[in-house]
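No experiment lies behind these values; they were computed from the predicted model shown. The chain is numbered in sequence order, starting from 1.
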Amino acid sequence: MNHLAFYWLPQNKDLLVKGIETEFSQLIEHSIANKKISLPPIPDVVLKIQRLCTQDTTTVADVADSLLEDPGLAAIVIRVANSVIFNRRNITCTDLVTAVSRLGILRVRDIVTAQAIEQLKHSVNLSGSCNKILVQSAANSRELAATMVLVAKGFRESGSQAYKHLEADKALLTGLLADIGLFCIVNEYHYYLENGNYLDEEIAFQIFDNQCSKASKLVLESWGFDDDFLEVASNQAIKPSEEAVSYLALARIANHILMFRRQDENIDEHSVEFDVTGADILYKLSNLSDIEFNAQIDELISASGL
């Protein structure tokens with residue numbers, strides 16, 4: 001049997017990390033199962049809207065009335081409802097009821113949740129290194145979300161009816177919320193330290209990366225998000241897709257494009273499936289110049305209203 005000290009030897013580092021991962025995973029799952037998920041506080045209005053979305057009797061007026069409690073979020077919802085991505089009929093609205101009606105109750109929930117998480121990533125007060133990780137996470141989420149929109153548009157513009165189910169707004173939101181579980185793990189890390197434990201930051205950050213997708217799926221599942229959100233967050237299919245291209249496939253293609261553009265050395269280990277149309281989209285987006293690609297990303301984020 002290995003002596004405890006042997007676990008600190010380089011060749012046994014994976015055993016140590018795996019053991020701590022299991023402990024963190026259990027902490028995360030326990031928190032969610034008991035509805036004590038350790039996310040930083042998000043606005044009460046967002047939580048209220050999330051609860052309303054679980055009730056069959058909820059109306060557009062109910063959600064609009066809730067938004068009145070937070071003028072900042074109300075303004076964002078109206079702005080997003082009038083944005084290029086969400087305003088398909090190009091008709092401007094100026095009141096909340098019309099905005100919520102246009103977007104739909106569930107989409108409003110998605111938008112206010114994504115906006116709240118985006119703001120938190122830039123405003124939490126943790127250690128400098130953890131804050132840096134969350135800020136980088138915000139940048140990565142925006143880039144993934146915008147690239148997913150570009151891929152979705154590529155499929156839609158192919159003219160095939162097989163891709164008509166793909167929506168740019170949903171592609172954007174699934175990407176923005178894909179790593180929401182990172183907050184959960186970072187908070188568990190701080191609680192772990194506050195309880196007198198020690199965990200080296202380098203190992204902790206490796207655990208963050210390894211456990212983020214699982215935690216994200218659990219968080220979104222506890223808030224009632226649909227399977228498309230859960231699949232993108234977990235990078236795993238929940239059930240066989242009836243569509244030619246799923247949102248998970250969009251995320252994987254988008255991620256492959258970003259890995260290629262960053263010259264990520266792990267790209268050879270990243271597998272992605274696509275049809276002829278997908279291959280054409282991947283080729284075109286991979287071969288854009290950095291200036292053109294980044295300009296399209298920035299334009300999409302700006303056009304979303306978020």
Would you verify whether the NZ or CZ of R107 falls within 45 degrees of the ring axis of F86 while also being under 6.0 Å from that six-membered ring's centre?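 No, R107 does not lie over the aromatic ring of F86.
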Tell me, please, whether F225 has R109 positioned over its six-membered ring: NZ or CZ under 6.0 Å from the ring centre and within 45 degrees of its axis?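 Here R109 passes the 6.0 Å and 45° test against F225.
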Taking all non-hydrogen atoms of both residues into account, name the closest pair between [X] and [Y] and its distance.
{"X": "N82", "Y": "T92", "result": "OD1-CA, 3.3 Å"}
{"X": "D110", "Y": "L177", "result": "O-CD1, 4.2 Å"}
{"X": "N287", "Y": "R261", "result": "N-NH1, 4.3 Å"}
{"X": "V232", "Y": "A178", "result": "CG1-CB, 4.1 Å"}
{"X": "L96", "Y": "A64", "result": "CD1-O, 3.7 Å"}
{"X": "I105", "Y": "V63", "result": "CG2-CG2, 3.8 Å"}

Between T174 (side chain) and K170 (backbone), is there a donor-acceptor pair under 3.5 Å?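 Yes, T174 side chain to K170 backbone: donor-acceptor pair under 3.5 Å.
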Measuring from atom [atom1] of [X] to atom [atom2] of [Y], what distance do you get when rounded to the nearest 0.5 angstrom?
{"X": "L172", "Y": "I85", "atom1": "CG", "atom2": "CD1", "value": "5.0 Å"}
{"X": "D62", "Y": "Q55", "atom1": "CG", "atom2": "CD", "value": "8.5 Å"}
{"X": "S286", "Y": "M259", "atom1": "OG", "atom2": "CE", "value": "12.0 Å"}
{"X": "L288", "Y": "Y283", "atom1": "CG", "atom2": "OH", "value": "11.0 Å"}
{"X": "S158", "Y": "L166", "atom1": "OG", "atom2": "CG", "value": "9.0 Å"}
{"X": "K214", "Y": "I185", "atom1": "NZ", "atom2": "CD1", "value": "10.0 Å"}

Less than 3.5 Å apart, which donor and acceptor atoms pair up between the side chains of residues 42-53 and the rest of the protein, not counting sequence neighbours?
unit_1, atom_1, unit_2, atom_2, d
K48, NZ, E69, OE2, 2.8
Q50, NE2, T113, OG1, 3.1

In terms of side-chain heavy atoms, does D275 have a donor or acceptor partner in Y163 at a distance below 3.5 Å?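 A pair is found: one side chain offers a donor N or O, the other an acceptor, under 3.5 Å apart.
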For a 4.5 angstrom cut-off between non-hydrogen side-chain atoms, does [X] reach [Y]?
{"X": "V80", "Y": "V77", "answer": "no"}
{"X": "I78", "Y": "T94", "answer": "no"}
{"X": "L300", "Y": "K153", "answer": "yes"}
{"X": "L285", "Y": "I253", "answer": "no"}
{"X": "W223", "Y": "V219", "answer": "yes"}

Audit row: V151, I257, side-chain contact (heavy atoms from CB on, under 4.5 Å) steps and yes/no: CA-CA 10 Å; V151 174; I257 292 168; 4.0 Å; yes
What do the steps show when you test E231 against Q236 for side-chain contact (heavy atoms from CB on, under 4.5 Å), and what is the final call? CA-CA 5 Å; E231 288 186 345; Q236 187 175 18; over 6 Å; no
Do I76 and V112 pass the side-chain contact (heavy atoms from CB on, under 4.5 Å) test, and can you show the C-alpha distance, the side-chain angles, and the key distance before you say yes or no? CA-CA 8 Å; I76 288 170; V112 296; over 6 Å; no
Decide whether [X] and [Y] are clustered together by the hydrophobic rule: side chain heavy atoms of Ile, Leu, Val, Met, Phe, Trp, Tyr closer than 4.5 Å, transitively.
{"X": "L173", "Y": "L248", "result": "no"}
{"X": "V60", "Y": "L106", "result": "no"}
{"X": "I111", "Y": "I301", "result": "yes"}
{"X": "V108", "Y": "L68", "result": "yes"}

Give the C-alpha distance, both sets of side-chain angles, the deciding distance and a yes or no for side-chain contact (heavy atoms from CB on, under 4.5 Å) between Y247 and D226. CA-CA 11 Å; Y247 287 91; D226 67 34; over 6 Å; no
Could you go through residues 136-150 and list every donor-acceptor pair under 3.5 Å that involves a side-chain atom there, pairing it with any protein atom two or more places apart or in another chain?
unit_1, atom_1, unit_2, atom_2, d
Q136, NE2, N140, OD1, 3.0
S137, OG, K121, NZ, 3.1
S137, OG, D179, OD2, 2.2
N140, ND2, Q136, O, 3.4
S141, OG, K121, NZ, 3.2
S141, OG, S137, O, 2.9
S141, OG, D179, OD1, 3.1
S141, OG, D179, OD2, 3.4
R142, NH1, E118, OE2, 2.5
E143, OE1, R262, NH2, 2.6
T147, OG1, E143, O, 2.7

Is it the case that more than 12 heavy atoms not belonging to Q263 sit under 6.0 Å from its CD atom? no
